[in-house]
Amino acid sequence: MNQVGRNLPRLEVRAKVSGRADYTHHLRLPNMLHGKVFRSTVPHGRIVSIDTQAASELAGVYRVFTAADIQQLIPDPYYGPAFHDQPILALDKVRHVGEPVAVVLASDPHVAEQAVQLITAEYEELRAVYDEVEAMQPDILVHDVLKPAGTFADLKHLKGRGGTNVALDYHLRRGDADAALAKADRVFEHTFKTQQCLHLAFEPFVSVAEPGDNRLTLYTANQSPSFVRIEIARLFGWPENRVRVKVPYLGGGFGGKLYIKLEALVASLAMLTRRPVKIALTMEEQFYQITKHPTTFRIKSGVGKDGKIVARKCEVFWNGGAYADIGPRVAQKSGFTAAGPYDIDNVSVDSYELYTNRTPAGALRGFGIPQLVWAYESHTDLIAREMGIDPVEFRRENLLRDGRPQASGTVLNDAAIPDVFESVVKRMNWNAPFDRGTGTLKRGRGIAIALKAVISPTTSAAIINISADGSITLLTGTVDMGQGSDTAYALIVAEVLGVAAEDVRVIHSDTDVTPYDMGTLGSRSLYHMGNAVRLASEDARAKLRALAVEAGLPEGTNYPPVEIFKKRFGMQAGNVIGSANFVPSYAPPDAKGMSENVTPFWMVGGAGAEVEVDTETGHVRVLRLVNAADCGKPINPAVAKTQLTGAAIMQLGFTLSEAMQLDGGQVTNASLADYKIPGIADIPPMDSELVMAEQKSGPFGAKGLGESGTFGVSPAIANAIHDAVGVRIMELPITAEAVLRALRAKEGRPLADE
């Protein structure tokens, strides 16, 4: 191949480093109003009154809006990809601290911000529920009635019901786990927890709505413009062609900027005022928009004397917060891989998505898999150590391999689990002597391996436009937010059409011109849109060849496109348009949660860590982090490797430091001064490897990679800490205090609680 497989710098790199790249934050429109949001201060309560008079009277304020104003335009102002449960502005009730209750509009954003401080609200406070397991009990209900959206094929089974906080419950039964556990030689049972974290893209949420002549244009930082168009059209009762959604470059997303975030609010305000409206959140406000699911994972395994895992039971409770967002899909899609990348004949999985009175939770890089891997790979390591088996050998003997059915019943194909695992083992030099440290500094190492199924079923469409001079334009709905998708698609087009990737023009998402794409999420884009781009390019190539025949040119010769167009039309005129839709096959789970075709491809990621633990302070220093992932055959190897490394760094923060602290529903560390993400000095030496194993159904053998580097980081570090000092941390993040408490408890001199 001439183009696919090149190490090509991203096509937009010069625009970004020079500051010329356009972002929604830069947009200024004539006569534009800026919105600032007044937010709830209570986690759960009925709205008794909202006093906006003082804010309305402040000089420079255009108007203050509440839910009553929105209802004049949209009588049923609820949205959401899984349930229509989230009001544009709080209506009757508030369900979490920070929920939008009113909006001030002004030409000057500073005036709007000042006016928000003048709004007051009175609430009849209700009891709140914050814990996902406690939410299983219906004594505190976040929602009275659940209204399924019916948008996506894989969530069509969601039911409208009341008297529960369970948005979705997914159950998988393979074999008889209870019977196998009863017969097992050893049974191990543990509970693990993960914390609430933030996506924290450095471009905060921002949307602009511009009303037009019987239509509306949205400029927005969003990963799913096609869904935004569909949902805004539904809210207004319009045909889709009255809504235009444009997404320029995105300054990070990580799943947070999926589906509707600010778009419904700015759209309704723009239609009410007949002026452009912009709302841009502050860094602090992001803590009240969307988060990562906190979880509780109860896991039980039965093991034979030979070290074979014969049964595994999993109960996973997902804390979805006040509104469902796409949480039900997270609970279902991740749930069926909760038993891990192991060949286990008897598996039972119960996965619950629950409403609570926290900030809503949704997709975050890994789509729930990192929470699961944290538990099952910590659990697996504990089993190996308690049985006196080397953790590598224990995993090696139980790994799932191609040709064998995964717990869901879908047979594994093109999933290089053993190859990824052995790559990590080799790079960790596992069998060589290891320095265990001296004095108060103890060293250890750990390893982890994981499997993810990509989201299915989903659709992507692509259009190729070949102009009469031979230049090529690709139109695609994928949002490039730093993952290098524009460059990867240009390489695919170039490979099919025999040009250089640098000469392919990629048009960013604009729903008036770019075709449908389900969304840029879950590492689906390279596979789904990549296949659509390849097929559209082949369609264009076939049409170009047919045009040459029409022009009377002899077959079997490759003519320059400009020559073909001139011969056919008598001048440099005309276009050839290639198009394609791609949607892989899918079989929905049956009553037992089983399916013979639950995913079009599998993602595999492994990690190894070496750590040093200070036994006097509990401080953990990661000395080395090894990452490997099955990438199929990479389209752009250099960019793929940076994706793997970047994912691992993000998960490092979720492992060691990041956590939203709550007090009565209020986030007490909602700033970058207190919410600690990794800095450059926190990043350890990293060793990342792309394991190249062809994905036969992928474009030129490729598959998605953006999440795989997150999978094994947390348990690999926890396993290394256990190896170093003999204590097991069961809850993320692994702070110095948590380690020190565990060490002191082990020594019989526990630290006093604050």
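For the single chain, residues carry numbers from 1 onward in sequence order.
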Closest approach of Pro515 to Ala461 (non-hydrogen atoms, all atoms of both residues): CG-O, 3.3 Å
Euclidean distance, Ser485 OG relative to Leu526 CG, rounded to 0.5 Å: 9.0 Å
Worked check of side-chain contact (heavy atoms from CB on, under 4.5 Å) between Phe152 and Met518: CA-CA 9 Å; Phe152 295 116; Met518 178 265 186; 4.2 Å; yes
Atom pair CD/NZ of Gln86 and Lys261 - distance to nearest 0.5 Å: 7.5 Å
Electrostatic pair Asp350-Lys313, nearest N-O below 4.0 angstrom: no
Check: Thr337 side chain, Lys452 main-chain N or O, donor-acceptor pair, under 3.5 Å: no
Side-chain H-bond candidate by donor/acceptor type, Thr478 with Tyr489, under 3.5 Å: yes
Student check: side-chain heavy atoms of Val245 and Phe227 closer than 4.5 Å: no
Validation row: Asp630, Met603 side chains within 4.5 angstrom (heavy atoms): no
Check: Pro600 main-chain N/O paired with Ser456 side-chain donor or acceptor under 3.5 Å: no
Side chain to side chain donor-acceptor pair (under 3.5 Å) pairs, two or more places apart, involving residues 587-603: Ser585-Asn597
Gln196: which of His293, Arg358, Lys292 passes side-chain hydrogen bond (donor to acceptor under 3.5 Å, both in side chains): Arg358
Distance-minimising heavy-atom pair for Ala177 and Arg312: CB-O, 4.3 Å
Expected output: side-chain Gln695 to main-chain Lys633 donor-acceptor under 3.5 Å: no
Heavy-atom check, side chain of Ile290 versus side chain of Pro360, under 4.5 Å: yes
Donor-acceptor side-chain pairing of Thr194 and Gln371 below 3.5 angstrom: no
Lys193 bridged to Glu731 by N-O distance under 4.0 Å: no
Mutual orientation of the aromatic rings belonging to Trp374 and Phe192 [parallel < 30°, tilted 30-60°, perpendicular > 60°]: perpendicular
Donor-acceptor pair between Gln289 and His199 side chains, under 3.5 angstrom: no
Point-to-point distance, once rounded to the nearest 0.5 Å, from CG of Leu652 to OG1 of Thr710: 12.5 Å
Expected output: side-chain Gln406 to main-chain Phe336 donor-acceptor under 3.5 Å: yes
Donor-acceptor contact present, side-chain Asp325 to main-chain Gly320, <3.5 Å: no
With sequence neighbours excluded, residues passing salt bridge (Lys or Arg N to Asp or Glu O under 4.0 Å) with Glu694: none
Check: Gln651/Ser714 side-chain N/O donor and acceptor closer than 3.5 Å: yes
Smallest separation among heavy atoms of Ala640 and Pro634, with atom names: CB-CB, 4.4 Å
Spacing of Arg329 atom CZ and Phe367 atom CZ [to the nearest 0.5 Å]: 5.5 Å
Sub-4.5 Å side-chain heavy-atom contact between Tyr376 and Pro715: no
SB check Lys183 Asp176 (cutoff 4.0 Å): no
Short side-chain donor-acceptor distance under 3.5 Å, Thr191 and Arg298: no
Steps toward side-chain contact (heavy atoms from CB on, under 4.5 Å) verdict (Glu689, Val626): CA-CA 8 Å; Glu689 183 185 18; Val626 170; over 6 Å; no
Test item: Lys703 side-chain N/O and Asp414 main-chain N/O as donor-acceptor pair under 3.5 Å: yes
Identified side chain to side chain contact (heavy atoms under 4.5 Å, CB included) counterpart of Ile326 within the set Leu521, Leu155, Leu258: Leu155
Worked verdict on Asn319 versus Thr295 for side-chain contact (heavy atoms from CB on, under 4.5 Å): CA-CA 6 Å; Asn319 194 322; Thr295 60; over 6 Å; no
CA sep, side-chain torsions, deciding dist, call: Ser378, His190, side chain to side chain donor-acceptor pair (under 3.5 Å): CA-CA 9 Å; Ser378 295; His190 302 101; over 6 Å; no
Residue pair Glu353 / Ala331: nearest heavy atoms and the distance that separates them: CB-CB, 3.8 Å
Donor-acceptor pair, side chain of Asp517 and main chain of Met529, under 3.5 angstrom: no
Student check: side-chain heavy atoms of Val424 and Ile449 closer than 4.5 Å: no
From CG (Leu535) to CG (Asn581), nearest 0.5 Å: 9.5 Å
Salt-bridge present (Lys426, Glu422; N to O < 4.0 Å): no
Side chain Thr296, main chain Phe317, donor-acceptor under 3.5 Å: no
From OG (Ser509) to CZ (Arg229), nearest 0.5 Å: 12.0 Å
Residues in salt bridge (Lys or Arg N to Asp or Glu O under 4.0 Å) contact with Glu658, at least two apart in sequence or another chain: none
Closest non-hydrogen atom pair, Leu146 against Val166: CD1-O, 3.6 Å
Side-chain heavy atoms of Ile383 within contact of Phe394, under 4.5 Å: yes
Verdict with reasoning, Asn719 to Ile447, per side-chain contact (heavy atoms from CB on, under 4.5 Å): CA-CA 7 Å; Asn719 295 340; Ile447 200 165; 5.7 Å; no
Heavy-atom donor-acceptor pair, Lys333 side chain to Ala453 backbone, under 3.5 Å: no
Residue pair Arg401 / Leu412, side-chain heavy-atom distance below 4.5 Å: no
Lys/Arg-Asp/Glu bridge criterion (N-O < 4.0 Å) met for Arg161, Asp169: yes
Flag side-chain contact, heavy atom, 4.5 Å: Phe654 against Leu364: yes
Phe601 and Tyr527 aromatic ring geometry - parallel, tilted or perpendicular at 30°/60° bounds: tilted
Asp154 vs Gln332, side chain to side chain donor-acceptor pair (under 3.5 Å): CA-CA, chis, key distance, verdict: CA-CA 9 Å; Asp154 60 317; Gln332 176 179 294; 4.6 Å; no
Glu495 and Arg534: CA distance, side-chain angles, deciding distance, salt bridge (charged side-chain N to carboxylate O under 4.0 Å, His left out) verdict: CA-CA 9 Å; Glu495 187 65 47; Arg534 178 183 59 83; over 6 Å; no
Closest contact, heavy atoms only, His528 versus Phe582: O-CD2, 3.6 Å
Side chain Glu397, main chain Arg395, donor-acceptor under 3.5 Å: no
